[in-house]
Amino acid sequence: MGTGIPRPLLLTTAAVTGALLLSSVPAAARPGPPADGGGTGNGVHRERDAAGQGQAARTPAGAAAAALDDRASSGPRHDGGYPRRTRLAPPAPDPADKSIKLGLTPYHSIAPKLNALQKLGDRVSVEVSGRSAGGHDLYLVTVTAPESDREAREQERMRELIENAPAAAAEDRRIKADYKAPVFINNNIHGNEWEGTDAALKLIEELARAKDRKTADLLAKTRIYLNVTANPDGRIAGTRANSNGFDLNRDFVTATQPEARAIRRIAIDKQPAVMIDLHGYVNGTLIKPTTPPHGENYEYDLFLKNSYANALGMERAVNGLGYTVEKDGVEPAVIPFRDQAEGWDDWPPVFTPQYMPFQGAVAAHTVEFPMQVNNRSYDTLPVAELRRRAAVNTDIAGAAMRATLDYTAGKRSSVIADQIETFRRGAAGAAQVPVSRESVPGVPGIGPEDVYTTDFPRAYVVPAGRDQRSATAAARLVDHLVANDVKVERARRDFRLGGRPYEAGSYVVDMRQPKRGLANVILHEGRDISADVSTMYDISGWSLGLLWGASVEKVHKAAPGGLDVPGRTVRAAAPAGHVAPRGDLRLRLDDPKELAALNSLLRDGVKVRRTADGSALVPAPARGKAAALAVRYGVSFHATRAKGVAPLHRARVAAAVTPGELFALREMGFEVLPVSTAALNAGFDWSRADVLFVSSGLEYGKLDAAARGALDAFLAGGGGLVGRGAAGAALNAGAGLLAAEPVEGNGDANGVVRVSNAGGAVSGGAPEHTFVYSPMWFTDLGPGVRVEQSYATGNPLVSGHWRAAGDGGGPQDAAGRAAVVSGTSAKGAGVVLFGTEPLFRAHPKGAFAQVGRALISSAG
């Protein structure tokens with residue numbers, strides 16, 4: 001450990017040595033889910049199923065459609081001064097809103113309150129920043145001193161200068177004197193962690209009504225942005241997730257859900273220097289900064305300096321409320337960086353506060369209020385006790401908010417200077433500054449375990465013309481970079497970079513740009529941190545550069561004069577769709593958008609046939625439909641003389657899967673019928689399905705005799721099975737289908753792995769990398785069982801956290817083993833089994849089509 005105040009160790013079982021690490025933190029303050037499943041929890045947290053109870057997802061198709069259509073909302077306004085009046089239309093009252101039992105504000109009452117708050121003076125503005133997956137308005141409130149149109153334009157000019165010309169911004173006297181420090185307060189992103197919303201409404205009213213000089217000075221120096229409820233779907237239903245079953249606080253970087261995209265838009269447009277994200281429930285109040293490992297792409301010295309100082313202020317404010325263990329059941333606040341060794345990391349950029357630093361925040365916090373009111377507590381505790389706890393939490397959330405505003409106002413000059421320096425380092429290509437007692441004075445306990453830095457490449461190139469299959473994926477990746485405010489250029493003519501030739505049309509990401517950290521987060525392969533810590537809270541590896549199907553090349557050095565690329569900055573990728581002018585058409589099925597196009601053709605009755613390599617043969621008369629789909633999905637239909645070997649039909653999928661998998665299947669255009677053990681026992685009409693996909697919530701041994709018989713008859717009558725993970729392998733074994741012995745690796749392991757593909761109907765066109773979570777492989781393969789994909793030899797883990805347990809289960813045990821197998825069972829069912837996780841949270845987009853091809857081939 002470093003010098004200074006020693007951190008106590010987290011109570012956990014070390015995966016390698018088996019030694020017990022002891023903690024001096026009070027038991028109630030240790031990270032970990034309470035007995036009834038509340039809180040956020042220690043160790044790996046993942047959405048294994050719809051409710052963490054082994055259930056299969058049954059989310060409505062309409063929510064998926066709403067999330068996939070991002071055209072409905074343009075986000076907050078970019079013009080005009082403040083206040084900005086919006087008359088909100090209140091939704092119909094919902095007496096079933098779960099907030100009501102807690103004495104908190106139901107969603108339907110928020111709009112009327114905000115309408116009233118706007119009338120209190122000239123400080124409060126309300127805008128609709130988007131709509132949730134369930135169709136509910138998202139409310140962004142801005143509290144600041146009034147600004148004329150001219151003054152607002154000047155604030156925007158300064159904001160733009162800070163990001164795009166940081167060296168000049170550092171010398172700009174107007175910025176030093178007049179720029180309002182932006183603060184972002186995000187509330188209720190987990191729907192059943194309610195109280196931040198109510199604290200925010202109280203804070204808005206206090207600021208609107210206050211007549212004191214301190215408040216006037218605060219609002220003259222800051223703009224305070226409050227996302228009143230980031231997850232109205234979950235607030236109403238009392239669920240952690242939104243209407244699609246997504247944990248929104250795992251959706252950053254991929255941004256599949258409209259709520260996450262709305263927050264991303266706020267981050268880009270408002271450029272918060274300080275932000276807090278209000279959660280529950282950990283007792284005592286948990287106030288980050290976090291334990292190692294720390295995100296290696298941050299300017300962590302600037303981030304830690306401000307985040308730790310603000311955490312101390314929030315700690316004083318929370319403890320100063322006077323709640324005690326004896327009187328109220330409230331433990332003193334905990335700051336993980338100071339008080340714990342590991343278990344609450346800021347390594348993955350999927351959480352809101354871990355994403356915000358890449359958009360300029362130099363202090364960002366998760367705050368967990370202490371008194372549990374959700375899950376089992378919600379159902380079992382008396383209403384009076386629930387309301388007492390909710391009032392305590394609201395009080396604590398408000399104290400954290402006010403302390404953050406005090407810190408920002410008091411440190412406005414240095415906070416803005418540090419934001420400018422964050423962007424300056426990126427634009428200049430400056431080296432990161434490792435944290436130490438010298439670089440971050442005043443923060444105790446800094447040691448070598450806190451040093452995480454990276455060497456940024458000089459550039460990334462997404463080549464054009466080398467691989468027609470990746471054109472769709474390249475466009476998706478480029479559009480995603482641009483959506484995250486990463487600057488991308490497209491070459492107008494051929495060029496050389498890093499000693500390699502590239503064709504015109506290639507995309508270049510110059511890493512000397514203000515948001516280089518975010519560019520690297522998206523494109524870099526990541527890092528194997530298995531040896532660094534014994535446990536991780538969430539995912540440890542990600543790489544859209546490796547997992548989204550595009551070719552991405554890293555350039556380490558360029559000419560002394562800089563990047564000599566004849567290009568222009570793009571606002572969107574060039575159209576990737578193409579249709580050959582004559583003859584039959586070949587549609588490869590290597591990308592989820594190609595699967596969506598195929599399913600659209602099949603839904604419209606086009607007679608499509610499968611070719612020997614698993615592609616789709618589209619007849620020439622369907623060229624018009626193909627042209628429309630080429631535009632809609634950005635896919636290519638190439639001329640072919642190949643002959644189809646069998647007709648293709650739209651696979652109707654009975655799916656017992658996680659919410660993310662259900663969403664991915666719908667994204668690919670499959671007709672999905674959610675099922676589960678309970679649904680089959682209640683009676684299910686198997687004539688409606690062609691293939692069964694199982695990864696969660698369906699156990700063969702728990703089916704009653706009638707349901708088991710119906711399932712067996714389906715499998716014997718030509719129905720197929722695609723199984724993923726332990727649940728899929730168990731159903732395969734229970735039904736006596738494919739002879740393949742599943743071997744489970746370390747259940748906490750996750751990350752990006754290298755694989756080897758056999759080609760053919762299932763793994764043809766699959767990328768050389770995929771994602772694993774609780775990885776599995778298959779041995780003792782019976783006759784006729786085909787290995788579709790294997791883990792690479794050596795150490796297959798590229799980035800993430802995967803250790804061997806006491807009895808093995810590490811990456812070396814998986815090396816060279818079968819990761820995906822297929823075959824036809826003695827009962828006649830086509831079966832594909834996955835030991836990988838190719839549909840995980842939209843991270844492995846390039847592998848989605850592998851599942852789609854498996855469903856089609858298994859359906860027969």
Side-chain angles (χ1 to χ4, degrees), residues 163 249-256 260-261 263-264 267-268 271-272 275 290 292-300 302-303 345-362 364 422-423 425-427 429-432 452-462 476-488 507-529 532 536-548 550 552-555 750-752 769 771 798-801 840-846:
E163 176 188 349
N249 205 40
R250 304 294 184 275
D251 197 39
F252 291 91
V253 174
T254 48
T256 65
R261 293 194 291 269
I263 293 172
R264 180 179 68 187
I268 293 169
Q271 204 165 285
M275 75 85 59
T290 70
H294 309 296
E296 63 182 348
N297 293 292
Y298 301 140
E299 302 305 316
Y300 191 64
L302 304 175
F303 179 81
D345 61 273
D346 56 9
W347 179 250
V350 298
F351 315 118
T352 321
Q354 275 58 58
Y355 176 80
M356 286 291 167
F358 299 116
Q359 298 292 354
V362 294
T422 296
F423 291 141
R425 290 180 189 177
Q432 293 171 303
Y452 284 83
T453 59
T454 191
D455 293 322
F456 294 104
R458 185 60 184 83
Y460 287 97
V461 179
V462 181
R476 174 173 52 241
L477 183 61
V478 167
D479 284 340
H480 191 69
L481 287 164
V482 172
N484 280 278
D485 204 30
V486 173
K487 293 179 174 60
V488 183
Y507 297 98
V508 179
V509 179
D510 186 345
M511 289 297 285
R512 292 192 178 175
Q513 63 169 288
K515 296 182 180 177
R516 67 172 179 184
L518 186 50
N520 216 47
V521 158
I522 292 171
L523 297 173
H524 192 261
E525 64 270 18
R527 173 172 162 184
D528 181 352
I529 59 168
D532 295 342
M536 288 292 292
Y537 177 60
D538 201 80
I539 65 167
S540 310
W542 61 91
S543 173
L544 307 192
L546 290 180
L547 295 179
W548 269 26
V552 178
E553 297 183 6
K554 190 183 300 183
V555 177
N750 67 88
V752 181
H769 297 86
F771 193 83
V798 174
S799 57
H801 190 275
F840 182 81
R841 294 188 196 161
H843 281 272
K845 280 271 190 181

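For the single chain, residues carry numbers from 1 onward in sequence order. Quick note: numbers below take in every heavy atom, side chains included, and nothing from hydrogens, waters or symmetry partners.
With hydrogens and angles disregarded, no donor-acceptor distance shorter than 3.5 Å links the side chain of Trp347 to the backbone of Gly800. With hydrogens and angles ignored, the 3.5 Å screen pairs a side-chain donor or acceptor of Gln432 with a backbone N or O of Glu296. Between the side chain of Asp346 and the main chain of Gln354, no donor-acceptor pair closer than 3.5 Å is present. Although no hydrogens or angles enter the test, the distance criterion places a donor-acceptor pair under 3.5 Å between the side chain of Gln513 and the main chain of Lys487. At least one donor-acceptor pair closer than 3.5 Å links the side chain of Arg261 to the backbone N or O of Ala255. Counting only distance, with no hydrogens or angles, the side chain of Asn297 and the backbone of Thr454 share no donor-acceptor pair below 3.5 Å.
Considering Val521, Leu481, Val478 in turn, Leu481 is the only one that fulfils the side-chain contact (heavy atoms from CB on, under 4.5 Å) rule with Val486.
Between Asp510 and Arg458 there is a side-chain heavy-atom pair separated by less than 4.5 Å. Put simply, the side chain of Pro357 does not reach to within 4.5 Å of the side chain of Glu299, judged on heavy atoms. Residues Gln271 and Phe423 meet the side-chain proximity criterion, which asks for heavy atoms closer than 4.5 Å. Contact check for Val552 versus Leu544: no side-chain heavy atoms found under the 4.5 Å cut-off. Side-chain contact between Tyr452 and Asp532 is present, with heavy atoms from C-beta onward closer than 4.5 Å. Between Tyr355 and Leu518 there is a side-chain heavy-atom pair separated by less than 4.5 Å. Counting heavy atoms from C-beta outward, Ile263 and Met356 have side chains that approach closer than 4.5 Å. Here the side chains of Pro353 and Met275 are in contact, with some heavy-atom distance below 4.5 Å.
The distance from atom OG1 of Thr290 to atom CZ of Phe351, rounded to the nearest 0.5 Å, is 9.5 Å. Atom CG of Asn520 sits about 4.0 Å away from atom CE of Met511, to the nearest 0.5 Å. Atom CG in Leu477 sits 10.5 Å away from atom OH in Tyr507 (nearest 0.5 Å). Distance check, rounded to the nearest 0.5 Å: CZ of Arg841 to CG of Asp251 gives 9.0 Å. Remark: His843 NE2 to Leu546 CG distance equals 13.5 Å, nearest 0.5 Å.
Contact record, Asp345 with Tyr537: OD1-N, 3.2 Å, taken as the closest heavy-atom pair. In plain terms, the two heavy atoms of Ser540 and Asn750 that are nearest each other are N-OD1, 2.7 Å. Taking all atoms of both residues into account, the shortest heavy-atom contact from Arg425 to Ala431 is CD-O, 4.4 Å. For the residue pair Ser799 and Trp542, the shortest heavy atom distance occurs at OG-N, 4.1 Å. Contact detail for Thr256 and Ala842: the closest heavy-atom pair is CG2-CB, 3.3 Å. Nearest heavy-atom pair, Ser543 versus Val752, reported as atom, atom and distance to 0.1 Å: N-CG2, 4.1 Å.
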* Please assess Lys515 against Glu163 for the test side-chain contact (heavy atoms from CB on, under 4.5 Å), listing each intermediate value before the final yes or no. => CA-CA 9 Å; Lys515 296 182 180 177; Glu163 176 188 349; 3.5 Å; yes
* Asked: Given His294 and Phe303, is the side-chain contact (heavy atoms from CB on, under 4.5 Å) satisfied, shown in steps?
  -> CA-CA 11 Å; His294 309 296; Phe303 179 81; over 6 Å; no
* Asn484/Phe358 under side-chain contact (heavy atoms from CB on, under 4.5 Å): CA gap, chis, key distance, verdict -> CA-CA 9 Å; Asn484 280 278; Phe358 299 116; over 6 Å; no
* Asked: Given the rule in the side-chain contact (heavy atoms from CB on, under 4.5 Å) test, do Val350 and Thr254 qualify, once you have shown the distances and angles that lead to the verdict?
  -> CA-CA 8 Å; Val350 298; Thr254 48; over 6 Å; no
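Every residue two or more places apart in sequence or in another chain that forms a salt bridge (charged side-chain N to carboxylate O under 4.0 Å, His left out) with Glu525 is listed here: Lys554. Applying the ring-ring contact (aromatic ring centres under 6.0 Å, His included) criterion to Tyr460, with sequence neighbours excluded, gives no partner residue.
Between Trp548 and His480, the gap from one ring centroid to the other is short of 6.0 Å.
Listed by first and then second residue, the salt bridge (charged side-chain N to carboxylate O under 4.0 Å, His left out) pairs involving residues 350-360 amount to none (not counting sequence neighbours).
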